[in-house]
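My questions will all concern the structure given below.
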Amino acid sequence: MQLCRFNDDRLGLVQGDEILDVSSALQVLPAVTYPLPRHDPLIVHLDAVRAEVTRLAANGNRLTRHRLSDVRLLAPVANPGKVVAAPVNYLKHLEEARQDKGIHHQNQIGEIQRVGLFLKATSSVEGPSATLKIAKPDRRNDHEIELVAIIGKGGKDIAKEDALSHIAAYCIGLDMTVRGPEERSMRKSPDGYTVLGPWLTTADEIEDVHALELKIQVNGEVRQHANTRDLVLNVADLIVMASSFYTLHPGDVIMTGTPEGVSQVFPGDKMRAEITGLGRMDVNIAAE
Ligand code: MN
């Protein structure tokens with residue numbers, strides 16, 4: 001099942017190039033009280049929401065239909081507790097990063113097995129329809145397309161053989177980056193610099209997450225084109241590593257790292273990102 005969030009926090013069932021407004025399925029979510037949970041309420045109750053969406057869609061002629069091109073797509077996870085991200089997790093990107101001073105800025109680029117993972121501010125999360133505003137126009141700002149796993153079942157010290165069963169869904173991510181000497185967590189956390197979309201695709205729809213093609217074009221020119229089979233630490237490894245340090249909660253998102261081909265973007269550029277089975281999203285860039 002592919003579910004999007006759109007317009008004014010509506011919930012949509014994606015059907016080809018249309019969406020069915022299934023917002024009333026959100027009524028199955030229990031009321032949230034203070035203190036707020038550490039999980040995303042939609043993701044933790046995704047099975048119940050899916051059942052209700054299926055029931056509603058069976059009587060679909062009473063629901064509103066929209067063309068996908070007519071709606072504003074929001075990030076499929078509204079309240080991720082953490083945005084976990086993998087630095088340099090494709091070998092060819094490691095080579096590229098070490099050779100290009102514009103990428104490494106005298107920062108040591110280490111192997112992911114040694115340097116581990118980093119976190120991005122959750123306030124940086126945006127949907128594809130929000131125009132991305134360049135945060136530091138005097139710096140190099142790059143696109144990084146990444147496969148994103150959305151945690152469905154939380155856990156600490158998750159075993160590798162169980163790891164993929166903790167994933168509720170996948171989506172496309174753009175780990176937008178200001179290059180420079182600062183820590184990654186700062187350079188990759190300006191508002192809007194974590195683009196998630198175009199919708200979530202439940203994990204049961206993805207036969208082999210380690211055989212997905214990723215591609216991003218800027219103004220129609222292909223910049224990154226790779227396959228998740230070339231991940232250094234695969235998706236299960238990343239869950240093992242992350243959960244060995246901290247508890248993962250439903251709705252936490254894991255950005256699995258970007259392949260070679262990162263490059264600078266400028267105001268006015270149009271990005272088109274796609275991953276096999278997860279859809280395609282267009283993101284426009286503007287000046288701050
Ligand atoms: Mn990245």
Side-chain angles (χ1 to χ4, degrees), residues 75 77 80 82-100 102-105 107-126 128 132 134-136 139-151 170-197 209-210 212-218 223-228 230-235 237-239 241-242 252-265 271 273-275 278 281 283 285:
V77 186
K82 288 191 279 302
V83 178
V84 180
V88 205
N89 197 20
Y90 288 81
L91 277 182
K92 284 185 187 161
H93 179 49
L94 178 63
E95 291 161 17
E96 152 186 273
R98 282 176 168 166
Q99 279 163 17
D100 186 344
I103 298 178
H104 67 66
H105 275 267
N107 298 334
Q108 268 195 18
I109 304 290
E111 295 86 0
I112 185 169
Q113 296 91 334
R114 189 169 57 80
V115 301
L117 308 174
F118 66 97
L119 296 169
K120 300 185 69 164
T122 54
S123 51
S124 67
V125 173
E126 262 294 6
L132 194 140
I134 294 292
K136 299 283 174 196
R139 301 276 198 92
R140 177 171 160 180
N141 287 258
D142 282 10
H143 56 78
E144 296 191 351
I145 184 173
E146 312 199 356
L147 169 72
V148 172
I150 302 166
I151 295 296
Y170 297 97
C171 70
I172 306 174
L174 297 180
D175 174 20
M176 300 302 297
T177 303
V178 179
R179 300 296 173 196
E182 299 90 351
E183 297 284 352
R184 281 189 176 91
S185 63
M186 191 173 186
R187 292 185 289 104
K188 291 167 172 278
S189 288
D191 294 354
Y193 271 45
T194 303
V195 185
L196 302 180
V209 72
H210 300 115
L212 304 181
E213 213 172 290
L214 317 82
K215 186 163 85 171
I216 186 166
Q217 302 173 68
V218 179
R223 299 279 175 89
Q224 292 180 276
H225 191 185
N227 193 292
T228 55
D230 293 321
L231 282 164
V232 175
L233 291 187
N234 69 26
V235 181
D237 295 325
L238 294 171
I239 289 173
M241 180 184 259
D252 285 359
V253 300
I254 300 187
M255 308 195 72
T256 59
T258 203
E260 67 282 5
V262 300
S263 69
Q264 189 168 8
V265 289
M271 298 186 288
E274 52 200 302
I275 298 182
L278 305 185
M281 62 185 194
V283 179
I285 299 182

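Just so you know, ligand 1 is whichever comes first in the structure, and atom 1 is the first atom listed for that ligand. Small disclaimer: the values here were computed from a predicted structure and weren't measured.
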Count, excluding waters, the protein N, O or S atoms that are closer to the Mn ion (ligand 1) than 2.8 Å.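 There are 3 of them.
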Under 3.5 Å side-chain donor-acceptor pair for Thr194 and Lys120: yes
What pairs with Glu126 under side chain to side chain donor-acceptor pair (under 3.5 Å), at least two apart in sequence or on another chain?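 Per chain and number, Glu126 pairs via side chain to side chain donor-acceptor pair (under 3.5 Å) with no residue.
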For residues Leu147 and Ile172, determine if any side-chain heavy atom of one lies less than 4.5 Å from a side-chain heavy atom of the other.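 No, their side chains stay 4.5 Å or more apart.
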Side chains of His143 and Val218, heavy atoms from C-beta outward: is any pair under 4.5 Å?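 Answer yes - side chains close enough.
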Are any of the side-chain heavy atoms of Cys171 and Val148 separated by less than 4.5 Å?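 The answer is yes, as the side chains (C-beta and beyond) meet within the 4.5 Å cut-off.
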Between Arg187 and Thr177, do the side chains contain a donor N or O and an acceptor N or O under 3.5 Å apart?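 No - no donor-acceptor pair under 3.5 Å links their side chains.
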